[in-house]
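First up is the structure itself, then whatever we jot down about it.
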Number of protein chains: 2
Amino acid sequence: MARKDQIRQKAQALFRERGYRATSMRDLAETLGMEAASLYNHISSKEELLQQICFAMADQFFEAVEPVVASPLGPKEKLRAAIEAHLGVIAASADASAVFLHEWRHMGEPFLNDFKLMRRRYEKMIRAIVEEGISLGMFRKIDPSLVVRTLLSGTNWTYESYKSHRLQGKLSEQEISEITSILVEGIITR
Amino acid sequence: MARKDQIRQKAQALFRERGYRATSMRDLAETLGMEAASLYNHISSKEELLQQICFAMADQFFEAVEPVVASPLGPKEKLRAAIEAHLGVIAASADASAVFLHEWRHMGEPFLNDFKLMRRRYEKMIRAIVEEGISLGMFRKIDPSLVVRTLLSGTNWTYESYKSHRLQGKLSEQEISEITSILVEGIITR
DNA sequence: CCTACCGATCGGTAGG
DNA sequence: CCTACCGATCGGTAGG
């Protein structure tokens, strides 16, 4: 079991660095000091690795953001808290987040469809905050779907922050707060 | 020559839809109604296609944004115009933009390094606008590198807008303006 | 966890 | 632009 976790961790790093299709099972085995065939004592297929990474991250995002949505905060504070929670998940699992964001399309059915449905549900959850804010006159009247995509997309670079020249290491609490602020302030009515 | 353009156009669509590594030359040939071997009368390699797509898009982004940077606009209007120009390029070439944004890492050296340098130069150009705005007290005091990454990342979903349920078809001028506004307003001091 | 190996598929070439 | 084909590599299995 511990071995399987090691495999998954290395798979996350390689899938993120090179992409799922460009990572061979031989590559993965090599980083673990074993032969490719030996991997199959711990996993059943390459795609199973991808599925587990993607759906485990989906769980993480929901676990972080759902309590915020259920909270009694007002739209502005709720949206801020949701984006901060979302950023916190990426910061906590940068490799797996990058795989979640970019490699999911290489899953086969029926997992692919499940994944798309899950993502739709996630966006819908955040969209509800935006819609409430608009209806209360606190947020600008802009297509909520467009708003949510811009918000989430604006966070999607952060998994690579630790590789950047200027922004090395994990994002600090303050940086997470600043990114959130940039995104949320652009939506608030003046 | 016209044939080569057809090949490139189909390659853009397939690389974008399935990813570079998951697109075979046989896939590409099939969409063109020819055999894989015949492609090599028009191109020299699969990677050449990727390089030409990526660097052609790089040229487009620079051609759109450089005049804005050189203009006498103030930081706020200049940043707005730069983001709008950036969004305009994506809207005009959605497939190629998606490839530019996601598939570049599959280029080999020395092209890969050239590409990274080019991207750095592009970000630096936009960062200069942000830095000027901060120094004039018009923009909030936030790490300009973080700001630029958030801005550009916030535009990176737009190439898929025409596939979305709620946002079908190319982005309208108004939608481009709204996205720009969300991103830029979040940076301006109050 | 390894050796040995499989059928499938890959990018690309030769020759016409 | 096609047929025929190449060596390399792929994900995965058999058997120990």
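Proteins come first, then strands; the chains are lettered A, B, ... in the order of their sequence lines, and each starts at number 1. Basis for what follows: all heavy atoms, side chains included, without hydrogens, waters or symmetry-related copies.
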Legend entry - Base-pair map of DNA chain C as dot-bracket, where | denotes pairing with a different strand and pairs are Watson-Crick or G-U under 3.5 Å: ||||||||||||||||
Inset, instruction - Would you indicate what B:Arg21 reaches in the nucleic acid, counting non-hydrogen atoms under 4.0 angstrom: base, sugar-phosphate, or nothing? - result: nothing
Legend entry - Heavy-atom contact window of chain A on DNA chain D, given 5' to 3' at under 4.0 Å: D:dC10 to D:dT13
Inset, instruction - Any chance you could measure B:Ile53, atom CD1, to B:Phe100, atom CZ, to the nearest 0.5 Å? - result: 12.5 Å
Inset, instruction - Could you list the residues that satisfy ring pair (Phe, Tyr, Trp, His ring centres under 6.0 Å) with A:Tyr20, not counting sequence neighbours? - result: A:Phe15, A:His106
Legend entry - side chain to side chain contact (heavy atoms under 4.5 Å, CB included) against B:Ser177, all qualifying residues, sequence neighbours excluded: B:Glu84
Legend entry - Listed once per pair and sorted, the ring-ring contact (aromatic ring centres under 6.0 Å, His included) pairs that draw on residues 30-57 of chain B, sequence neighbours left out: B:Phe55-B:Phe115
Per-pair distances, 0.1 Å, donor-acceptor, side chain in residues 57-64 of chain B, under 3.5 Å, sequence neighbours excluded:
none

Legend entry - Results of side chain to side chain contact (heavy atoms under 4.5 Å, CB included) for B:Glu35 - residues two or more places apart only: B:Ser38
Legend entry - With sequence neighbours excluded, residues passing side chain to side chain contact (heavy atoms under 4.5 Å, CB included) with A:Ala81: A:Val68, A:Leu73
For a quick test of your reading: what N or O donor-acceptor pairs under 3.5 Å do the side chains of residues 181-190 of chain B make, sequence neighbours left out?
{"from": "B:Ser181", "atom 1": "OG", "to": "A:Arg140", "atom 2": "NH1", "distance (Å)": "3.0"}
{"from": "B:Ser181", "atom 1": "OG", "to": "A:Arg140", "atom 2": "NH2", "distance (Å)": "2.4"}
{"from": "B:Glu185", "atom 1": "OE1", "to": "A:Arg190", "atom 2": "NH2", "distance (Å)": "3.1"}
{"from": "B:Glu185", "atom 1": "OE2", "to": "B:Arg80", "atom 2": "NH2", "distance (Å)": "3.4"}
{"from": "B:Thr189", "atom 1": "OG1", "to": "B:Gly137", "atom 2": "O", "distance (Å)": "3.1"}
{"from": "B:Thr189", "atom 1": "OG1", "to": "B:Met138", "atom 2": "O", "distance (Å)": "3.0"}
{"from": "B:Arg190", "atom 1": "NH2", "to": "A:Glu185", "atom 2": "O", "distance (Å)": "3.0"}
{"from": "B:Arg190", "atom 1": "NH2", "to": "A:Glu185", "atom 2": "OE1", "distance (Å)": "3.2"}

Legend entry - Candidate list B:Met125, B:Lys124, B:Met118, B:Arg119, test side-chain contact (heavy atoms from CB on, under 4.5 Å), partner B:Arg121, passing option: B:Met118
Legend entry - Audit row: B:Ser153, B:Asn156, side-chain hydrogen bond (donor to acceptor under 3.5 Å, both in side chains) steps and yes/no: CA-CA 5 Å; B:Ser153 182; B:Asn156 282 355; 4.9 Å; no
Inset, instruction - Check the pair B:Arg149 / B:Arg127 against side-chain contact (heavy atoms from CB on, under 4.5 Å), numbers first and verdict last. - result: CA-CA 9 Å; B:Arg149 279 166 186 257; B:Arg127 197 163 58 233; over 6 Å; no
Legend entry - Contact list for DNA chain D against residues 40-53 of chain A - heavy-atom distance below 4.0 Å: A:Tyr40, A:Ser45, A:Lys46
Inset, instruction - Output all residues satisfying side chain to side chain contact (heavy atoms under 4.5 Å, CB included) with A:Lys116, sequence neighbours left out; order by chain, then residue number. - result: A:Trp104, A:Leu112
Inset, instruction - Could you identify which residues of residues 27-38 of chain A place a heavy atom less than 4.0 Å from some atom of DNA chain C, listed by residue number, or say none? - result: A:Met34, A:Glu35, A:Ala37, A:Ser38
